Amino acid sequence: MSHAKTSELLNEVTRLRRRVGELEQEHRRIDSAEKPVTRGPVGGASYQTGRDHSLLDALPCAVCECDLSGEILFANTTFAELHGYPQVELKGRHYADLIADHQDHDASRQLLEQLADGQLSSHCQETVHRRQDGKRIPVEVKWRSQRDGSGAVSGLLAVTTERRTDKSSRGQEADLAGQYFNLVREMILVVDADEKVSLINQQGCRLMGGEEAEILGKNWFDNFLPADNREEVRIFFHQFMEQGAVQPVEYYENDVLTVDGTVKRIAWHFSILQDESGTNIGTLNVAVDITERLEEQQTLRESRQIFHQISEHVHEMLWVSSADLRKIFYVSPKYEEFWGQPCQSIYDDPTIWIERIHPDDLESLMESMNQKIQGDFSSTHFPQFRVVHPDGSFRWLEARSFPVYNEQHQVTRMVGIVEDITQRKQDEAAILKENELLEERVRQRTTQLARKTAQLKALFQGLPDQVLVINHEGEIVNFNGRHREYLFSNRDLSSGSKLKELLLEEIRLPFTEAIQRVQADRKRASFEYPLTVDGQQRWCRARVQPYLQDEILIIVEDISEQKMSEIELNKTHDKLSEAQRLAHIGSWEWDVADDSLWWSEEVFRIFDLPSDTFRPTYPSFLETIHPEDRGLLERVVEQSILNDLPYSIEHRIIRPDGEVRYVHERGAVKKDTRGNVISMHGTVQDITERQMASSKMQEYRDILAHASRLAIMGELTAGISHELNQPLTAMANYSSAMKTRMEQGQDVSDLVQRIEALSHRSGNIVRRLKSMAEKRPQELMRFNILDSIRSTLQLIEYELRQKKIDVQMAGESRMSVVYADRVQIEQVLSNLFINAMDAMSEMPVSRRLTIEVAPAGEFMVRVTVSDNGPGVPDDFVGQLFTPFTTSKQGGLGIGLSLSRSLVEASGGKICYSPKSDSGASFDVFLPCRKMDE
Ligand code: ADP
């Protein structure tokens, strides 16, 4: 490579480097648009001024960039130093201002216009520039117009060199080229047409990983291209060589093999080198290692894909905007859902989202946005806001934003997240409400608790018992002021004292044991103890129980009164038992539901059953009942339960040894508040003795009655004999008459009839007398009382006639059937009739015996026997029925008392009632049916 070519080469290199810059920019832009990486030649990239000023700055030659009007856009350091200006002051000046001689100004302006409108593509001029300090510098300026992709001129570039002598300039130029080659950050490589490397700079050696000597002169393709693309590139290279024309700057990417064998990805820009005859002699290549960049791009692409995947699938909306939030670069599809507007609408109009913000939330949101625009990123959050949809519905959203910085720590982007917090807001509102309710309840509860605590405290202090709380070490934690004397010898108590040390000597042991037991199994213990306090016998009950974690509660209660009552009760119980034993009355209680029967001791005694082994139940009780009485008892109990009526019944029982006893059983039903029978209770009384006495009495009464009847018969002998004599005499008379008639052959049948009637009459009298004289036990039967009255009157008919007593009888036969002992009742009637006759015997005229029969209620028949005698003196009435009381001479005075006894034995009663006029009246009430009918 000759020196003459160096400055051209330099120019070419500069141009290529610029093109590298442009294409890389372009490449990045394409990458960022997510287009696949282009392989092979790339054309049509537009030149963008000011993008690679650092590169121009590094150039050892003075370079300045102007726009089409000639205004300086950029001047590199060398240019600024050459002209003695600070670099920034040159920017904005017109190039013509640097021309020293006024007359050259117009020529310069003209030249620039020609370059700008494309008449010239390059030009070299020699002129004199003026430094800032006024010094003149002769310079050579090489102008080149810059074109964009469409071929239009887009800018002007001037390379300015201070003019020196030719020789020194040449040498310097060569040095500069060398320096320049080695200074640039790209690899500069010249491959000759014979495929050999003829030039490589230091950067190139670094990139290829070898010394210059290891690379220079070597076949590029054989040594430094990987086998898989070697031939392809070689063909490509030779196509260029053979085409023979200088091609525009080309871009190419391929892999190279470095000296140490690693493969690197290289981006190439090259142009064809020609000799003076126009023959292609090789390629000038400017290359950069893009291995790392490709990896970065791949990572970037992956990151971008991940970003998109995430942003489109998360519940939040993601957005990317400019630092001033005025331009939206990206919103995730959630925008449509959140705002109800298509995503495209916000790209078209970046402020459209504001329309849907709730007016109440807009101001605070904007304020927060302004803070961030002004660089205050102290908070990532925006205030929560509402987005109102056209249908009136709204959602609560929460946004956060994060600044994105470039290497100069300038904010280049804002990225953000918008989260739908409607549900959270609703939940928060619900929770808030719940919380308010809870707080209200807590407040109420706290008040209640405070009241309860105060009550408890008052209760604790007001308890009638001594209450102590001790801890696990036996120290008194709390106490009230009651009955300390029941526990302590020293009555001064204080918290923290050891209970054991203060306890009375005699109760220390039971307390210590109880506390130990409670501590061991956390179950309550209770014991009672007697104590003499102030000379008085007292009883206490101590309860020891677990309390709050490991504390123990001790309650000492004065149970003296209860104890006394118990003792008293025991005594009463003993007395009751004794009373029951003496009266032969036992008590019982029968729980109907579970059929458990409780008997007092006396019941067991009455039934002669062992109280310790026999368990009474209703069925076992029924077993003891005499079989003849069992049915009756069951019926009575059933009726009692059914009608809720008490019952009273006498029945027999059979003791285990077979002895029959008589008992009087009383019972009543107990019901609960709902009317269900819960139990029966009652008494059972052994009445065997009484029953025996009663039957003995009956026996005696029968004997007496018999004796009395005999006495009555004695009294009535005259009458009876008259009664008997009369029919017998008549019968004798009829018989004689019959005999005469028969002798005369006359009919005697009427006489036979009369005799028959008379014999019946006398037979009846004899039968009645016989029954009166008969000694017989009581016999109850149904009979008509009117018949009894008539036959009794027949017995005294003679006396009635003798004494001229008029008998009046009234009563209906239908209503006069009674159930009683007929003989005994007739005896009673005889008594009453005889007494009436006796009473009236002294009366001068109209003696009248009245007998009236009438029903008395549903169950009784009343027989009233009255006379018009003198009646019973008032002072005698009370003794009428007293035995052996008589006003008669020779009277026994047992008639009325025996009558009462006989009437009552038949279930009736007899009483005296004075008449309003003179005379006496006796009422006899008799049952008209059997008792249990
Ligand atoms: P006794 O007839 O043997 O005296 P009672 O017991 O039958 O015994 O009568 C007792 C007494 O009651 C009679 O003595 C008589 O004074 C009085 N008494 C009984 N019935 C009548 C009567 N109907 N009118 C007046 N006094 C009577």
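As the structure lists them, so they are numbered: ligands from 1, and atoms in each ligand from 1. Quick caveat: nothing in here was measured; it's all calculated off a predicted structure. All heavy atoms count here, side chains included; hydrogens, waters and symmetry mates do not.
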Quiz item: So which of L926, V924, L902, V865 actually passes side chain to side chain contact (heavy atoms under 4.5 Å, CB included) with I910?
Solution: V924
Self-check item: More than 12 heavy atoms of other groups within 6.0 Å of K775 NZ
Solution: no
Self-check item: Contact residues of ligand 1 (heavy atom under 4.0 Å), by chain and number
Solution: N835, A836, A839, D867, G871, V872, F876, L880, T885, T886, S887, K888, G891, L892, G893, I894, G895, L896, A920
Practice problem: Would you please name every residue forming a ring-ring contact (aromatic ring centres under 6.0 Å, His included) with W599, sequence neighbours left out? | Solution: F604, F607, F614
Result block: side-chain N/O donor-acceptor pairs under 3.5 angstrom for residues 830-839, not counting sequence neighbours:
residue	atom	partner	partner atom	Å
S830	OG	E826	O	2.8
N831	ND2	G895	O	3.3
N831	ND2	S899	OG	3.3
N835	OD1	K888	NZ	2.7
D838	OD2	K888	NZ	2.8

Exercise. Quick one: list whatever passes side chain to side chain contact (heavy atoms under 4.5 Å, CB included) with A693, sequence neighbours left out.
Key: none
Quiz prompt | Matching residue for E528 among R541, R543, R538 - test: salt bridge (Lys or Arg N to Asp or Glu O under 4.0 Å) | solution = R541
